[in-house]
Novice: 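Take a look at the following structure, please.
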Amino acid sequence: MKKNTKKLTCIALALVAAATLTVAAFAAEYASAPNFSDKPSQSTNVTTGTLKDAIKDATENDKGVAVATIEAASTNNITLSANVMKSLADKENVILSIEAGSVTIEINSASIINTKKINLSMDVESTDKKTVIDFRSNADFGCDVKVVINNCKLSEKQLESARVYLDGEDIGAVQIDENGLPFIIASKGGKYEIK
């Protein structure tokens, strides 16, 4: 009986030692230095200073309204703070234009009724069947946000009869600007489809 107890104790200790070594091996693998992407951050930080500089360099459009343009690397992370929105609201006849490649986002200072932080981050996809603008936020913006689709793949003929859907609900015909580009006016986030 004593021999069996000794054998069982030795086996149990061997199993515990093996388990400990296995855990240590896994931990050593996770303790290695993490790999980080070499790509720069795709966030667009619009500060009150950035806005002031853009307003100072603003150019007038054909309607005599000052357009303050800011470049964005992408639409992945675009957030405007409450301070930025207040600074913009304090200006008369100014349009903040964020050029983000696939889209141009515009906010006219006259449309701002609530100077809160807004998240304009979005995913944009365009095919020959539909264009989708999917905001990450579903919240009310407190202003009108014009989104011009620069890379729309719908044909001119398709755009003539295209409708805009917000989260599946038909909200009207798509609008076309003077350059023939489709755009939507959004007062809140959600998923917009042009088809």
Side-chain angles (χ1 to χ4, degrees), residues 41-124 126 131-152 159 162-167 169-194:
S41 170
Q42 297 295 310
S43 65
T44 300
N45 294 323
V46 180
T47 63
T48 51
T50 310
L51 181 63
K52 269 185 196 172
D53 290 343
I55 290 172
K56 188 175 72 176
D57 298 334
T59 56
E60 284 191 3
N61 65 13
D62 57 353
K63 294 175 184 164
V65 179
V67 179
T69 304
I70 294 173
E71 299 284 326
S74 76
T75 59
N76 291 342
N77 190 3
I78 300 174
T79 304
L80 305 178
S81 70
N83 286 339
V84 166
M85 295 304 291
K86 183 171 183 341
S87 293
L88 184 58
D90 288 344
K91 306 293 178 198
E92 282 186 42
N93 274 345
V94 172
I95 294 173
L96 171 62
S97 177
I98 302 172
E99 299 282 344
S102 60
V103 296
T104 300
I105 303 166
E106 295 182 356
I107 300 174
N108 190 321
S109 61
S111 78
I112 300 172
I113 55 174
N114 188 342
T115 57
K116 63 181 182 176
K117 175 181 175 179
I118 60 173
N119 184 353
L120 298 176
S121 306
M122 65 182 84
D123 293 316
V124 181
S126 188
T131 294
V132 178
I133 300 164
D134 193 2
F135 286 95
R136 300 238 173 92
S137 168
N138 287 323
D140 184 81
F141 295 141
C143 63
D144 288 336
V145 177
K146 180 179 179 180
V147 182
V148 181
I149 299 93
N150 299 323
N151 68 344
C152 185
L159 287 172
R163 308 286 295 173
V164 179
Y165 298 85
L166 170 57
D167 296 329
E169 182 183 333
D170 187 340
I171 58 171
V174 69
Q175 299 178 66
I176 307 295
D177 71 8
E178 61 278 2
N179 299 313
L181 297 174
F183 68 91
I184 63 166
I185 303 289
S187 59
K188 61 179 260 169
K191 184 175 184 177
Y192 292 79
E193 294 179 280
I194 300 170

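Numbers here are sequence positions counted from 1.
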Novice: How about Asp144 and Ser187: do any of their side-chain heavy atoms sit closer than 4.5 Å?
Specialist: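 Yes, side chains in contact.
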
Novice: Checking the side chain of Arg136 only, and the main-chain atoms of Asn76 only, is there a donor and an acceptor separated by less than 3.5 Å?
Specialist: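 Side chain of Arg136 to backbone of Asn76: a pair is present.
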
Novice: Hey, is NZ on Lys91 packed in by over 12 heavy atoms from elsewhere, all under 6.0 Å?
Specialist: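 Check fails, neighbour count at 12 or below.
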
Novice: Would you call Leu88 and Leu80 a side-chain contact if the rule is heavy atoms closer than 4.5 Å?
Specialist: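 The answer is no; the side chains never approach within 4.5 Å.
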
Novice: Are Gln175 and Val164 packed together at the side-chain level, in the sense that at least one heavy-atom pair is separated by less than 4.5 angstrom?
Specialist: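 With C-beta onward as the side chain, the pair stays apart.
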
Novice: Measure the CG-NZ distance between Asp167 and Lys188 for me, rounded to the nearest 0.5 Å.
Specialist: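 Separation between the atoms: 6.0 Å.
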
Novice: Indicate the atoms forming the closest heavy-atom contact of Tyr192 with Ile171, along with that distance.
Specialist: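 Taking every non-hydrogen atom into account, CE2-CD1, 4.0 Å.
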
Novice: Quick one: CZ on Phe141 to CG on Asn119, what's the gap to the nearest 0.5 Å?
Specialist: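 Interatomic distance, Phe141 CZ to Asn119 CG, rounded to 0.5 Å: 8.0 Å.
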
Novice: On a heavy-atom basis, which atom in Ile118 and which in Cys143 lie closest, and how many Å separate them?
Specialist: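 For Ile118 and Cys143, the tightest heavy-atom pair comes out as CD1-SG, 4.2 Å.
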
Novice: Asp123 side chain to Asp134 main-chain N or O, any donor-acceptor pair under 3.5 Å?
Specialist: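 Judged by distance alone, no pair lies under 3.5 Å.
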
Novice: Picking from Val147, Ile95, Val145, what satisfies side chain to side chain contact (heavy atoms under 4.5 Å, CB included) with Glu106?
Specialist: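 Testing Glu106 for a side chain to side chain contact (heavy atoms under 4.5 Å, CB included) against Val147, Ile95, Val145 leaves exactly one candidate, Ile95.
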
Novice: In Å, rounded to the nearest 0.5 Å, how long is the span from CG of Asn93 to CD of Glu60?
Specialist: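 Spacing of CG (Asn93) from CD (Glu60) equals 9.0 Å.
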
Novice: Can you tell which of Ile194, Leu181, Thr131 makes a side chain to side chain contact (heavy atoms under 4.5 Å, CB included) with Cys152?
Specialist: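 When Ile194, Leu181, Thr131 are each tested with Cys152, the side chain to side chain contact (heavy atoms under 4.5 Å, CB included) holds only for Thr131.
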
Novice: Out of curiosity, Ile176 CD1 to Leu159 CG, how far, rounded to the nearest 0.5 Å?
Specialist: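 Rounded to the nearest 0.5 Å, the CD1-CG separation comes out at 4.5 Å.
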
Novice: For a quick check under 3.5 Å, do Asn83 and Ser81 share a side-chain donor-acceptor pair by atom type?
Specialist: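 No.
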
Novice: Measure across Ala173 and Arg163 and return the closest heavy-atom pair with its distance rounded to 0.1 Å.
Specialist: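 Looking at all heavy atoms of both residues, the closest pair is N-NH1, 3.5 Å.
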
Novice: Atom CD1 of Ile70 and atom CD of Glu99: how far apart are they, to the nearest 0.5 Å?
Specialist: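 Going from the CD1 atom of Ile70 to the CD atom of Glu99 covers 10.5 Å.
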
Novice: How many angstroms lie between atom OG1 of Thr75 and atom CD1 of Ile105, to the nearest 0.5 angstrom?
Specialist: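 One finds 7.0 Å between OG1 of Thr75 and CD1 of Ile105.
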
Novice: In the structure I gave you, are the side-chain heavy atoms of Leu166 and Ile184 within less than 4.5 Å of one another anywhere?
Specialist: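 Side-chain contact under 4.5 Å: no.
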
Novice: Looking at every non-hydrogen atom in both residues, tell me the closest pair between Ala72 and Ile98 and how far apart they are.
Specialist: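 So the minimum-distance heavy-atom pair works out to CB-CG2, 3.8 Å.
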
Novice: Do you know the tightest heavy-atom contact between Gly190 and Asn138?
Specialist: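 Taking every non-hydrogen atom into account, CA-OD1, 3.1 Å.
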
Novice: Would you sort out whether Lys116 and Asp140 count as a side-chain contact (heavy atoms from CB on, under 4.5 Å), showing the intermediate values?
Specialist: CA-CA 10 Å; Lys116 63 181 182 176; Asp140 184 81; 4.0 Å; yes

Novice: Kindly indicate whether the side chain of Phe183, heavy atoms from C-beta on, has any atom under 4.5 Å from the side chain of Thr104.
Specialist: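 No; the side chains remain at least 4.5 Å from each other.
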
